[in-house]
Amino acid sequence: MGIKYTKRYSEEYKRDAVELVWSSGRTVTGAARELGVSSESLRGWVERPAPPRTPDRYPVRRGPPTTGTRN
């Protein structure tokens with residue numbers, strides 16, 4: 001039996017990885033392969049709810065393009 005090791009990533013790294021997926025149009029699998037992380041990890045980061053925003057933190061959050069229209 002081998003030792004199981006779980007790699008930990010900083011919140012900044014996770015935010016940057018999610019931004020890469022959103023801004024580049026890459027698939028989660030493709031971006032994960034490029035970054036060297038598991039696609040399951042990256043998918044979890046992309047689907048995770050965003051932290052609450054305050055004026056001094058996260059003043060602008062760019063997300064994926066919206067598909068709906070506003071009236």
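Numbers here simply count residues along the sequence, with the first being 1.
The shortest non-hydrogen separation linking Leu42 to Val21 is CD2-CG2, 3.8 Å. Of all the heavy atoms in Ala32 and Ser39, the pair that sits closest is CB-CA, 3.6 Å.
In this structure, the separation between OG1 on Thr27 and CZ on Arg33 is 7.0 Å, given to the nearest 0.5 Å. Between Thr29 atom OG1 and Glu40 atom CD the span is 8.0 Å, to the nearest 0.5 Å. Rounding to the nearest 0.5 angstrom, the gap separating the CG atom in Leu35 from the CZ atom in Arg26 is 8.0 Å.
Ion pair Arg15/Glu12 not flagged as a salt bridge, since none of the NZ, NE, NH1 or NH2 atoms sits closer than 4.0 Å to an Asp/Glu carboxylate oxygen.
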